[in-house]
4 protein chains.
Amino acid sequence: MPARSAPDPARRNERSRRAILAAALELLGETGYADLTVEAIAARAGVGKQTIYRWWAGKGAVILDALAEGAADAPELPDTGDVEADLRAVVRATVAELADPALSATTRALTIETLSDDALAEQVRDRLLRPHLDTVVVRLRAGQDAGQIRADVDPAQAVELLFGPLYHRWLLRTGPLTEGYADGVTDLALAALRP
Amino acid sequence: MPARSAPDPARRNERSRRAILAAALELLGETGYADLTVEAIAARAGVGKQTIYRWWAGKGAVILDALAEGAADAPELPDTGDVEADLRAVVRATVAELADPALSATTRALTIETLSDDALAEQVRDRLLRPHLDTVVVRLRAGQDAGQIRADVDPAQAVELLFGPLYHRWLLRTGPLTEGYADGVTDLALAALRP
Amino acid sequence: MPARSAPDPARRNERSRRAILAAALELLGETGYADLTVEAIAARAGVGKQTIYRWWAGKGAVILDALAEGAADAPELPDTGDVEADLRAVVRATVAELADPALSATTRALTIETLSDDALAEQVRDRLLRPHLDTVVVRLRAGQDAGQIRADVDPAQAVELLFGPLYHRWLLRTGPLTEGYADGVTDLALAALRP
Amino acid sequence: MPARSAPDPARRNERSRRAILAAALELLGETGYADLTVEAIAARAGVGKQTIYRWWAGKGAVILDALAEGAADAPELPDTGDVEADLRAVVRATVAELADPALSATTRALTIETLSDDALAEQVRDRLLRPHLDTVVVRLRAGQDAGQIRADVDPAQAVELLFGPLYHRWLLRTGPLTEGYADGVTDLALAALRP
DNA sequence: AAATAAGCGAGACGGTACGTCACGTCTTACA
DNA sequence: TGTAAGACGTGACGTACCGTCTCGCTTATTT
């Protein structure tokens, strides 16, 4: 039986949908995730609360959609031929993003959501993180083909070796997130990944 | 002048304090962090809400204290002389804990706290995580002295290389948390850490 | 200019009209007037909400129409020649109707309507109550002609003398609505109406 | 089992109680009963909605209390020795009140409530109407003792004979509520009540 | 017979109020 | 004075209906 006669997506108002996602992102930036309310999103978007609850499960689902919308433009990791330089660049970029409170607000919000709701966690992983991490996996495979990376290493595991320490430090605030730190992590990881 | 005539810790009711921390841990296990309420803790503990607000800033501070209380007994990393075996053991243990929903509830709650409140984040880091991670740092230093670990590596960074991937996979649910996985991470990290 | 290009009654769907009135009566019996909603009427009738709002002003207008439909068959007060017996009969019948919760639901709904909306009140009075009361007025006039009722009494006022006490007791629940009570009221009123 | 651990009346805030009842009466006069909302009462009274729901079942119960508070001062029917004059006076006063939209708003609201909620109906009857009607009963009994009223008439029934027609005309709007009408009703009723 | 237009079912929409929950503060009575 | 109890003002929750609106679809003229 359908929970409550599911609404018909064909009749959905695109204008409202966009207004809601835009409002959610604005408010996320202004008040932070914890103080974000569905009521405020509805008011800012000029929309009835029911229109939000009709299409989303709660504020978590809304901001997930809002962020996924923005992440649609894949960042495309460059391939200069020098895998070490390419990895160093992406690690530096990631560290820079985590170090900037404004930019990492997104990641912060999603992580909280991820920890509180298993269903959303899958969505976050598949729609937001996977696409990003997969570009690195692709680059690592190319490096393996070029003989610059050990062939016996699982690229997915190698990605975690590169990014894991970054998120660990960011989450636990165990140290500064500087460019020098980024290079240190890259060097250490490469020591393990080089043939 | 004190903001609101700070309460006198000497007159604090130890019985209530313990009941509150115990109730907080029970409810954390039963309902999860997001659905935990101060009201429920007070009711379960048979305590007035004011008694909680008198001594703690909110639910985050309470569960932090509750978990810190339990973590007082330091886990003490063993030193068998074989640093690789010792690291493998601690990585396996950590993976096992993260894989168990009941045990990782603690880590989940702390991580949310860490992401939501900077002031509490410091407390979490210093009172709960540092003691745990420091035991590994100590073991790595001993390994360096014994020539089993590269001397030019910062032990703190090495710890992140070991645990970062674990938390990354746990947070992002990018793969299974098995013993085989634990050993894979250990092997890869050791490839970077060996002289 | 018509406010919104008034709908054309000639093209009205009789099937829908009937379904709406029937559904309204059913729901009035099931849930009572206060809990009656336009949404429920539409759903029960298998009709779009707009079809209701196109033809009626609101739930009050709908149930008014629904009840008026049913009341079309005038009850026709008999004239046995004995005005006292005839009045006694109609008072007894009215008391019996008010005493029966199912039958008096109609009166209850109409009374609420009467109290809440002046425009509808007129409709209620003229379309539903007047026809009923007028039959008694007619009978009283005949009684006056026959010399059984004081000629100097306004029949309309006499009707109120007979039915007013009934509604008063029904509204205010100041006592039981029994046949004995009905006869008591009739006796007392006749004491005033007899020449 | 108590529905929800009933609140302790001893700790009730008298200031809030009064503010709520006052606000309810104000708004009843301003917007009418149908458009009255609990939310507006709370806002006007400077009170949390929960404080209303803690002590009352809904808006009906609130305005009942508010009106009952005001009706505490019994009107005391005078006894001039001439029962006909006294009754004429009270009937005139009642007609005047019903004829004034502002004054009869109270009665209108209560009547709607009475028709929708049996539990409140009893309260309305016992706390508001009985005290008023009983003063007339008392006067009628004195009239019976003085031989001005038939001794075989139930005073309660006589009261209904006097007031029933008034409420009937007011409810059904079957005619004007003038002083002349009041006297007509009194005359007719007295024709039945005189020995 | 085809074109036009209205009523129709369905139900999404912007709103308002509902009645509940938990927040963090305040008040009371007791120990 | 610390405490258990819990009432308080506040404000968000998620739901129910309101009355309006916009979709295709069906009917029933009107060309």
Side-chain angles (χ1 to χ4, degrees), chain A residues 4-13 15-17 19 35-40 42-43 45-55 57-59, chain B residues 4-5 7-13 15-16 19 35-40 42-43 45-55 57-59, chain C residues 4-5 7-13 15-17 19 35-43 45-55 57-59, chain D residues 4-13 15-16 35-40 42-43 45-55 57-59:
Chain A
R4 171 83 52 167
S5 70
D8 178 357
R11 305 195 42 189
R12 186 167 186 180
N13 185 332
R15 178 192 202 64
S16 294
R17 193 187 129 268
D35 293 343
L36 196 59
T37 67
V38 172
E39 210 128 32
V47 139
K49 276 197 293 177
Q50 197 59 46
T51 301
I52 295 184
Y53 286 111
R54 184 160 22 238
W55 301 108
K59 73 169 177 175
Chain B
R4 170 82 52 169
S5 70
D8 178 358
R11 306 199 47 178
R12 186 167 185 182
N13 186 330
R15 177 194 202 62
S16 293
D35 293 343
L36 196 59
T37 67
V38 172
E39 212 126 31
V47 138
K49 279 199 292 177
Q50 195 56 241
T51 302
I52 295 183
Y53 284 111
R54 190 167 9 246
W55 301 108
K59 76 169 176 176
Chain C
R4 169 87 50 173
S5 70
D8 177 0
R11 306 196 50 176
R12 185 169 186 179
N13 186 332
R15 179 194 201 62
S16 294
R17 192 186 131 269
D35 294 342
L36 196 58
T37 67
V38 172
E39 210 124 31
I41 296 172
V47 138
K49 278 198 293 177
Q50 195 57 241
T51 302
I52 295 183
Y53 285 111
R54 192 172 2 250
W55 302 109
K59 75 168 177 177
Chain D
R4 171 84 53 168
S5 71
D8 178 358
R11 304 195 44 188
R12 186 167 186 179
N13 186 332
R15 178 192 202 63
S16 295
D35 293 342
L36 196 58
T37 67
V38 173
E39 210 127 32
V47 139
K49 276 198 292 178
Q50 197 59 48
T51 301
I52 295 184
Y53 285 111
R54 190 169 6 248
W55 301 109
K59 74 170 176 175

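Values reported hereafter were calculated over all heavy atoms of this structure, with side chains retained and with hydrogens, waters and symmetry mates removed. Note on naming: letters A, B, ... go to the chains in the order of the sequence lines (proteins, then strands), and numbering restarts at 1 for each one.
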By nearest atom, which of the nucleotides dG7(E), dG9(F), dT20(E) is closest to the Ser16(D) side chain?
dG9(F)
Test item: Trp55(A) and Arg17(A) side chains (from C-beta on) under 4.5 Å apart, heavy atoms
no
Quiz question: going by heavy-atom distance under 3.5 Å, is there a donor-acceptor pair between the base of dT27(E) and the side chain of Arg11(D)?
yes
If I take atom CD1 in residue Ile41(C) and atom P in nucleotide dC17(F), what distance separates them, rounded to the nearest angstrom?
12 Å
Counting only side-chain N and O atoms of Thr37(A), is one of them less than 4.0 Å from OP1 or OP2 of dA12(F)?
no
Rounded to the nearest angstrom, tell me the gap between atom CD in Gln50(A) and atom C1' in dG19(F).
15 Å
In whole angstroms, how far is the P atom of dG24(E) from the OH atom of Tyr53(B)?
4 Å
dT27(E) C1' sits how many Å from Asp8(D) CG, rounded?
12 Å
When the nearest nucleotide of DNA chain E is assigned to Val47(A) and to Arg12(C) on a heavy-atom basis, which residue is associated with the more 5' position?
Arg12(C)
Nearest 0.5 angstrom please: Lys59(C) NZ to Thr37(C) OG1, how far?
8.0 Å
Phosphate contact (dG9(F) OP1 or OP2) by Thr51(D) side-chain N/O below 4.0 Å:
yes
When we call it a touch if two heavy atoms are under 4.0 Å apart, what does Arg54(A) touch: a base, just sugar-phosphate, or nothing?
base
When rounded to the nearest 0.5 Å, the distance separating OG1 of Thr51(B) from NZ of Lys49(B) is 11.5 Å
If you find the nucleotide of DNA chain E closest to Arg17(C) and the one closest to Ala40(D), which residue's nucleotide is nearer the 5' end?
Arg17(C)
Where is the tightest heavy-atom contact between Ala45(B) and Ala19(B), given as atom of each residue plus distance?
CB-O, 3.5 Å
Donor/acceptor link under 3.5 angstrom from Glu39(B) side chain onto base of dC23(E)
no
Can you tell me if Arg12(A) has over 12 outside heavy atoms packed within less than 6.0 Å of its CZ?
yes
Identify whether any heavy atom of Gly46(D) sits under 4.0 Å from a base atom; if not, whether one sits that close to sugar-phosphate; answer base, sugar-phosphate or nothing.
sugar-phosphate
Leu36(C) CG - dC18(F) C1' separation (whole Å)
14 Å
Can you measure Asn13(A) atom CG to dA10(E) atom P for me and round it to whole angstrom units?
22 Å
What I want to check is whether an N or O donor and acceptor connect the side chain of Lys49(A) with the base of dG14(E) at under 3.5 Å.
no
Whole-Å gap separating C1' (dG2(F)) and CZ (Arg15(B))
15 Å
Out of dC21(E), dG24(E), dT25(E), minimum distance to the side chain of Val38(B) belongs to dG24(E)
Would you indicate which nucleotide in dA12(E), dG9(F), dC8(E) comes nearest to any side-chain atom of Trp55(C)?
dC8(E)
Return the value, rounded to whole Å, for the distance between atom NZ of Lys59(D) and atom C1' of dC18(E).
12 Å
